[in-house]
Amino acid sequence: MNIYQRIVLILAAVALIVAFITAPLVVYMTKGIVKYDPNTHESKWYIVATDYRIASMRTIVILGVTVLLFFALKGIKK
C-alpha cells in the first residue's frame, strides 16, 4: 500500500463521517414521514431519526469511489 492509497482511505473515512452527520433528519409519525423542522416543537409522540435511504445511498457512493481510487492508485510507486 503506497502513500496515495492511504490518503484515499483517510479521506474516505472523513467523507463517511461527514455523510452521516449531514444526512437529513425526518420525523416518523403514525400517519407517515414528515421532514423535521427544529423550529416547531410539538408535544406529540414522534421519533426524530436520520433518513436511512439517503445516508445509505451516500455510503454506497463513497465506498464505490474509494474502491475505484484505491485500485487505480495501486500501480503508482512510492
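Numbers here simply count residues along the sequence, with the first being 1.
For Ser56, there are no side-chain hydrogen bond (donor to acceptor under 3.5 Å, both in side chains) partners at least two apart in sequence or on another chain.
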For residues 16-25, which side-chain N or O atoms pair as donor and acceptor with protein atoms under 3.5 Å away, sequence neighbours left out?
from, atom 1, to, atom 2, distance (Å)
Thr22, OG1, Val18, O, 2.8
Thr22, OG1, Arg58, NH1, 3.1

Check residues 59-74 and write down every donor-acceptor pair under 3.5 Å in which the side-chain atom is one partner and the other belongs to a residue at least two apart or another chain.
from, atom 1, to, atom 2, distance (Å)
Thr59, OG1, Ala55, O, 2.8
Thr66, OG1, Ile62, O, 2.6

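Ile76 and Ile3 fall within a single hydrophobic cluster, where Ile, Leu, Val, Met, Phe, Trp and Tyr are joined by side-chain heavy atoms under 4.5 Å apart, directly or via other members.
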